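The shown structure was predicted, so the numbers you read here are calculated from the model rather than taken from an experiment.
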Amino acid sequence: MAGCSTTVPVKQKFPNATPELMKKCQPLGVVHGDKIAIDEFLKTVIKNYGLYYECSLKVDGWQEWYTEQRKNYETIKK
């Protein structure tokens, strides 16, 4: 039984992240108009606050994890 051999070093690359996971958060909602009721303004602010922090934590956490894993992988491969 013979195995495959190569004299060329095989270099593995760390896989790239899916572009969808590397996207930044979408822009937040904007209140339009000259005269806005305070309750509509506050609803928009509260909704934006929640959406921003939810997305920010998810994206920042994912990107931090990916960056650390890639750095660890490249350190080991040297």
Pairs flagged by salt bridge (Lys or Arg N to Asp or Glu O under 4.0 Å) wherever residues 26-35 is involved - sequence neighbours left out: none

Show me the pairs that pass side-chain hydrogen bond (donor to acceptor under 3.5 Å, both in side chains) and involve residues 38-56, at least two apart or across chains. Ser56-Asp60

Can you name the residues that form a ring-ring contact (aromatic ring centres under 6.0 Å, His included) with Trp65, not counting sequence neighbours? Trp62

About how many Å separate CD of Gln69 and CD of Glu64, when rounded to the nearest 0.5 Å? 10.5 Å

Is there a chain of hydrophobic side chains (I, L, V, M, F, W, Y, each step under 4.5 Å between heavy atoms) that links Val45 to Leu51? no

Ile36 reachable from Ile38 in the ILVMFWY side-chain graph, under 4.5 Å edges: yes

Those residues at least two apart in sequence (or on a different chain) that pass ring-ring contact (aromatic ring centres under 6.0 Å, His included) with Phe41 are none

Residues in salt bridge (Lys or Arg N to Asp or Glu O under 4.0 Å) contact with Glu68, at least two apart in sequence or another chain: Lys71

To the nearest 0.5 Å, how far apart are CG in Asn72 and CZ in Arg70? 12.5 Å

